[in-house]
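Each chain gets a letter, A, B and so on, in the order its sequence line appears, and its residues count up from 1.
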There are 2 protein chains.
Amino acid sequence: MATLGDIGVAAGINLLSAFVFFLAFAILRLQPFNDRVYFPKWYLKGLRSSPSRSGAFVRKFVNLDFRSYLRFLNWMPEALKMPEPELIEHAGLDSAVYLRIYLIGLKIFVPIAFLAWAVLVPVNYTNKTLELQLKNVTSSNIDKLSISNIPVRSDRLWTHIVMAYAFTFWTFYVLLKEYETVAAMRLQFLASEKRRPDQFTVLVRNVPPDPDESVSESVEHFFLVNHPDTYLTHQVVCNANKLAKLVKKRKSKQNWLDYYQLKYSRNSAKRPFMKTGFLGLRGEKVDAIDHHISEIEKLSKEIAEERERVKKDPRCIMPAAFVSFKSRWGAAVCAQTQQSRNPTLWLTEWASEPRDVFWQNLAIPYVSLAVRRLIMAVAFFFLTFFFMIPIASVQALASIEGLEKAAPFLRPLIEIKFIKSVIQGFLPGIVLKLFLIFLPTILMIMSKFEGFTSISSLERRSATRYYLFNLVNVFLGSVIAGSALEQLNTFIKQSANEIPKTIGVAVPMRATFFITYIMVDGWAGIAAEILMLKPLIIYHLKNFLLVKTEKDREEAMDPGSLGFNTGEPRIQLYFLLGMVYATITPVLLPFIIVFFGLAYVVFRHQIINVYNQEYESAAAFWPDVHGRIIIALLISQIALIGLLSTMHAAQSTPFLIALAVLTIWFHRFCKARYEPAFVRYPLQEAMMKDTLERAREPNLNLKPYLHNAYVHPVFKEEDDDDTDDDFMFKSENESVLVPTKRQSRRNTPVPSRISGASSPSLPEAVPEHSEP
Amino acid sequence: MATLGDIGVAAGINLLSAFVFFLAFAILRLQPFNDRVYFPKWYLKGLRSSPSRSGAFVRKFVNLDFRSYLRFLNWMPEALKMPEPELIEHAGLDSAVYLRIYLIGLKIFVPIAFLAWAVLVPVNYTNKTLELQLKNVTSSNIDKLSISNIPVRSDRLWTHIVMAYAFTFWTFYVLLKEYETVAAMRLQFLASEKRRPDQFTVLVRNVPPDPDESVSESVEHFFLVNHPDTYLTHQVVCNANKLAKLVKKRKSKQNWLDYYQLKYSRNSAKRPFMKTGFLGLRGEKVDAIDHHISEIEKLSKEIAEERERVKKDPRCIMPAAFVSFKSRWGAAVCAQTQQSRNPTLWLTEWASEPRDVFWQNLAIPYVSLAVRRLIMAVAFFFLTFFFMIPIASVQALASIEGLEKAAPFLRPLIEIKFIKSVIQGFLPGIVLKLFLIFLPTILMIMSKFEGFTSISSLERRSATRYYLFNLVNVFLGSVIAGSALEQLNTFIKQSANEIPKTIGVAVPMRATFFITYIMVDGWAGIAAEILMLKPLIIYHLKNFLLVKTEKDREEAMDPGSLGFNTGEPRIQLYFLLGMVYATITPVLLPFIIVFFGLAYVVFRHQIINVYNQEYESAAAFWPDVHGRIIIALLISQIALIGLLSTMHAAQSTPFLIALAVLTIWFHRFCKARYEPAFVRYPLQEAMMKDTLERAREPNLNLKPYLHNAYVHPVFKEEDDDDTDDDFMFKSENESVLVPTKRQSRRNTPVPSRISGASSPSLPEAVPEHSEP
C-alpha cells in the first residue's frame, strides 16, 4: 500500500508531465506554421486564412513576438470565455452538450468530495483498527482515511450508509436538472434552427416490392394516399456503393498525380517513374504522370458508365426512400406512426441529417436485421469474455519459440541478444495494446454490420459496447484481478449474495491503483490530447510532400472530431470510480475532480479551435450518458452492500437495497419523463414552427429546396463539379443545404467577438473572407 | 412414488367425478326453470325469452321430454359447431381468441406428446438404472419412463437434448403462426367492425392547468391549433365518483323497496316493518315501504344536487378529456404522436371502448403514477415472498390458544370437543384458502391503485401478477417444497449455476404430484365450471325473493364473464408443466392434453351460452399470453440444464444455453414483428376505412354521433331514464353507441343458424323479439 507521500510524488510527476505537455503546446501553437494544426476549425469555417500573405518570411513560420510566450497558459481562460449559446452556434449542440458531461462530473463530485472530506474522512481517521491490525506493517495513510480503518460491527458504519443516501440523492438531483436542461436545449436547438431538410423528411425502409410498380411509384402512391394533405416529394435510395468506391479510387489516383506533378515541377530535369505492380515495388516501370493521367481517364469513364447504370438499373434501386413533406407537422406525424398493417413494412423514422446518413445500411430487410442483431450480441459476449484466448495464442506465437517455429529463417536474427530481449519484453504487451487500439474500430464494424442507418447511431452503439467492455475488463478486471473469463467463472459459481462481497472486499484494496490510473490516463493523457502529436506530424509531412495550393493545404488538415464512441466510455469510467470510491475511499475524489476540471478546459479548447464535428445529432446521446451514470450508482451501491456485509453490518443491507430500488425507479422515471424528447418530435413544436414560417414566407416553395437534399453524396459531388449552374446547386447555396461550412457566417461582416479574441497574439489571423 | 396403477385409479376417480358433473349439468340445463342460468347470453342478446309464455304449467319448470335426456352429452358437439367468424360475431373477439389459447395448448402438446412417446419413452424405459438402484424399494413405473431411469454420463441423454430442440422449434412454429393469425384477426376485426366511437377518439390526460381558460377551452384550443384539419369535438372528464356512489345507493334502496312491495302484495294483510339501525337488527321500527320511499326521494334530491354541482363546479372537472376527430386517420395520428414539449403533459392514447373505461383513474397526474408504480412493485414483491408471514400470524390467532387469548368470552364455546377439533383441523387451512380466494381481488385493487384507465388493462396487469405469484408459490413452491421466502433465501445463497440444478433435480421427483394436481384442478375443476353452482343458487334465491317483472328476472341473471385475470394464469400453469415435463417425464403430457381438450369444449360452450363479456379489447391480451409461453419454454430449458449437469452431461450445457438465447431472440423478434399490431393502429387501415365510409355516406355528420359517447355512465343512465326523447339518445339508438345489447341483431328477422340450433330440445326457446 502506498502512503500519502508516495501518491504525492506520483501526483507531482504526472502534474509535471501535464505541465510539460501544456508548455510544448503553448509554444507550438504560437508558431504560424502550426496554425492549421491548432486552429483548423476556424479555417474550415472560413474565419481565418493562412498567415502567409503578410509580414516577413521568417514570421511566416516562427512567432518572434516574445510577449506572447509570457502568457503561455492564457488559452485556458480563453477557452472558458465563449458563452454556451455561442458555442452551440460555433460548434453545434453535440459538442456543447458533450462538454456538459465533464461539467456534470464537477457538479456531482465537488459537493460530494466536500461532504466526504468533512464527514467520512474524520470518521474513518479517528479509528485505530489498522494500527492494531498491522503493527508490524507500515501503515498506509490512505487506508487510514478509508472505510477499512473502521472496526467491524461498528456503529460508525451508519455514517457511510447515510452518506451513500446523501450522495445518491445529490446525484439524482444533478442528473434530473441536467436531463431537463439538455432536453430543453435540444428542443430549443431543433426549434430555433434554420430550415433543415431533415425537419421535413422521413426515412422509409422496407418498401414492399410491387410487380406492377417501381419503388419510386410505389412510394409516391402510398404516401399520396395515406398522407394526402402533407406529402410533398421523395427521393429513392440507390445502391451506389460501387460508384462510391470508384470515385474514392479516382481521388486517390488524383492525389498521386498531384504528388508526381509537384515533384516534376520542383525538379523538372527528372521525369518521375513508377512501377505498376504490388505497392509500386514490382512490375513494369512507367512514366508516373502519364500513367496516372490515363488511369484517371479510364476511371472517369467507368464512373460515368456506373452512374448511368445506377440511375437506370432497377436492381440498384433499394426498397428505401427519403419522403419529404410540406410541413414539419406532416413529417412528425409520419415518423411517429405506423403506416401499414405489417409493422415490418413501410418502416418510418426521422431522417438523419444528410451528412449523418450511413448509406450502405439503408437496404437491409427486417428479418436480416433481427438475425444480425442476434449474431452481434453473441459475438460481443464472446469478444468481452473470451478476447484473451486469441490474444494469448498470438502472444504465444510472438514469443521466441513461436517465432522460431513459424519462421525458421528468422532464427539468426532472433538469436541476437538485444532483439531477443525486445521480443520477450515487449511483443506480448504490444499485441495486447494493438488489440486495444483496434477495439473501437472492431466495435464500429460490428455496429455497421448490425445495420444502423446513421453515423451518430453507429457511434452511440459502439460507445455502449466499449463501455461494457471497459466495465468488465478494466474496472472489474482490475478490482477482482483476473481475466474476464475467470471473473465469469467466479460469478457463475458464486451465490448471488457472495458476488457483492467479492467486489466490495476488493474495492478498497485497489484504491491506490486507481489513483495512479487516474493520474496517468486522466491527467497526463488529457494534457497530451491537446498537443495533437499525430495530426501535427501528418500535417507537416503532407505539407512538405503534397501541398501546392491553398485547397490542398485545407485538405491536409486533420481536425478530427470528438469521437463519441471512444471518448464518452472513457469519461464514464471516471464516473464509475468516483461513485464507487465516494463512500469507501474518499481520498480518491480530488483526483477525479482534477481530471474533470482539466478535461473540461482541454476539450472546450479543442472543440472551439480544432474538432470539426462531422454530423449533428442534437445531443441524441444524452439518454445513454444518463443511463451509464445510473449504472455507476448501482455498482457503487452493490459494492457497498458487499463491503458492509463482510464488516458484519448486515442489518444495513435492506437500507442499501432500498436505495438501489430507488435508483432503478429514478432511472425509469427519467426515462419516461425526458427520453421522448430525444426520440420523438412534439407536434406542438412542429406546428408552431410551421405557422411561423408560413406567416413569414407565405410564398415559400419547399419542393426545390427538398428535391435533392437526400441524394447520395457521390451524385452530389459530381453535380457540384460538373453542373455549377444547375438549379439544385443554386437553391443549395441559398438555403444552407449541407451546413458543413456555415456559409451564412461568411456573409456576416464582423466576426464573433470571441472568435476574434481567441488568438490575440496573431495579428495576421484577423479573419478575412478568403473566398468570395 | 406412485405406480402407473395408482395414477390410473386416480385418473378413474377424477374422470368419474367429471362425468358426474357433466351428467348433473345435462339434467339441470334441460329444465326450463334453469334456462336463464345456463343460457343467459341468449337472453341478453334478445334472442331468447322466458319459456313461461306457452305450454302447460309443469312444462314451465320441468322438462318432461325424455328423448332430450338421452342425448345428454350433445352440448359438446354443439359447442364445437359454431364456426369461428360467427363466434366472433356472437361473443366478441376477446372470447374467440381466448379459446385459441386452449387450441394452442393442443397444437403444441399433441405433436410433442406423440414424439415424446415415440422416442423418449422407449429410450428411457430400456434402461435399468432404477432397478439397480432401488432393489429394495418398489420401483415406480412412472419413473422408469422418465429421464431418471437413464444412467449418468449416458450418451442417451443426447436424445433429450435433440428432443428439447425439436420441442422448442415446434413451439416456436406454433407460436409464430398463432401470433400472425391473432394479429390478422385483430386488424380484421378492427377494420370490419361497424363504426365505433373509440375509433375516432383519443384519451388525453394531464392537460396542464391554465389560469385563463377552463380545461374544456384549453383542450379545444390546443387541438384546434395542433390538429386543425381533423379535430372535431371533445368531452371533458368529470369527477363523478361521489355521484356514482349515490346512484348506487339509490339503486340498492330501490331493490329493497321492490322486495318489500312484493312481500306486501303477496300478503297484503301484513304491512312489512323494518329497523333502521345496524343491518336492520337494532334501532327504531318503521314501516319499510314508507321508509324506503322517503329515503329514495331524499337520495334522488341529493343526486340532482350533486349532478348540478359536478356539472358546474370547476373543481370536479378533471384535467383529462376524450377528444374526437373527424376521421380514424386523425385519431390514429393523435394517439401515436407526442403532442407537447413536455412528454408528461397532453398524454394521448387510444380511448378504450366506452364500457371499458375505468373512470376513477382518469385524473391521476404523471408523477403520482410513477410513485404508485414503485409502491405497487415493492408491495407485490412483498406479497409474493412474504405473504406467509401475516397468514401464519392469523393462523396462530385462529388456533385454540390464540382465540382464547383474543376473546376470553368464547372460552366455554371453544372448549367443546367438536368445535375444538374443527378449529384445530380446519381453521388454519381456511385462513390460507380465504387468502388465496381473495388474492385476485387484492391484485385487482393493486392494479386499480396503479392507475390504469381501462378495465381490460387492469385485468391484464392483474393476470401478470397472478401468474408470477403462481409461478413462485405454486410451481416453484411445489418443486422446491418450501415457502417462497425460503426459496428466495436458497436462491440468494446459491450460486448461479446451482439454481438450475436445484430445480432440475427436484422436477422429475414431483411428476406424480403434478399429475394428480392436473387431474383434480384441471379435469374435475373444469367440469365443475360448467355446472355454475353459485349463479344457479343465487338466481333461484333472487327469483324466489325479488323477481316481479321480466326486467327483474333479467337483472337476476349472473352470466359472469371470462375473468381473464384469473383464468389465463391458470392455463399458463399447464403450459409451464407441459413444457417442463415434456423432455423429463413425458408421461405427464397426455394428462395436459386431456385438460386442454376438455377445457376447450367447456369454455366454448360457456362463451356461446353463458358468459357476457363486459368489454371488448380486440384481443389486446395476446402479447401477454405469448410472452408467458416463452417464459415456460425458458424455465423448461433451465430445468433441463440443471438436471443434465447433475447427470454429468455437462458438455451439453452450451447447447441448451444456445437454445435459451435463441428463445429470447425469438421472443424479441416476435415482439418487434407483431406487437405493434396490438398497440398501434396503422394509418393505412385508418385511411382505407375513412375513404370507404366517405364514399358510402358522403353526408355523414359525426358530431352528434360522437357528442355524448364518452359521458360518465352515471350521467348516461340518468339521461336514459329522464330524457328519452333527447337528441343524444336518439342518435345513440341509430348507431349502436354502446353495443352491449347488439341492437343491430334485434332487427334481423331470422336468427343465426347455430344460435337457433344450440338448444334444440327447447321448442319454446325459438328467438322472439321480446322488446319492440
Which residues pass the ring pair (Phe, Tyr, Trp, His ring centres under 6.0 Å) test with F172(A), not counting sequence neighbours? F169(A), F666(A)
Using non-hydrogen atoms and a 4.5 Å limit, figure out which bit of A672(B) sits close to chain A: side chain, backbone, both or neither. both
Taking atom NZ of K671(A) as the centre, does the number of heavy atoms from other residues, nucleotides or ligands within less than 6.0 Å exceed 12? no
So what's closer than 4.5 Å to chain B heavy atoms on L369(A): side chain, backbone, both or neither? neither
What is the minimum heavy-atom distance between Q338(A) and A677(B), and which atoms define it? OE1-N, 4.5 Å
For R372(B), I'd like to know if atom CZ has over 12 heavy atoms of other residues, nucleotides or ligands within 6.0 Å. yes
Max heavy-atom pairs within cutoff under 4.5 Å with chain B, candidates L374(A), L187(A), V333(A), goes to L374(A)
L683(B) and H227(A), any side-chain heavy atoms less than 4.5 Å apart: yes
Nearest heavy-atom pair of N226(A) and Q684(B): which atoms, and what distance? OD1-CA, 3.3 Å
For each of T691(B), V378(B), T337(B), tally heavy-atom pairs with chain A at distances under 4.5 Å, and name the one with the top tally. T337(B)
F449(A) atom CZ, neighbour heavy-atom count above 12 within 6.0 Å: yes
Backbone N/O of A370(B) and side chain of W665(A): donor-acceptor pair under 3.5 Å: yes
Y165(B), OH atom: more than 12 neighbouring heavy atoms under 6.0 Å: yes
So, do V371(A) and F669(B) sit near enough that their side-chain heavy atoms are less than 4.5 Å apart? no
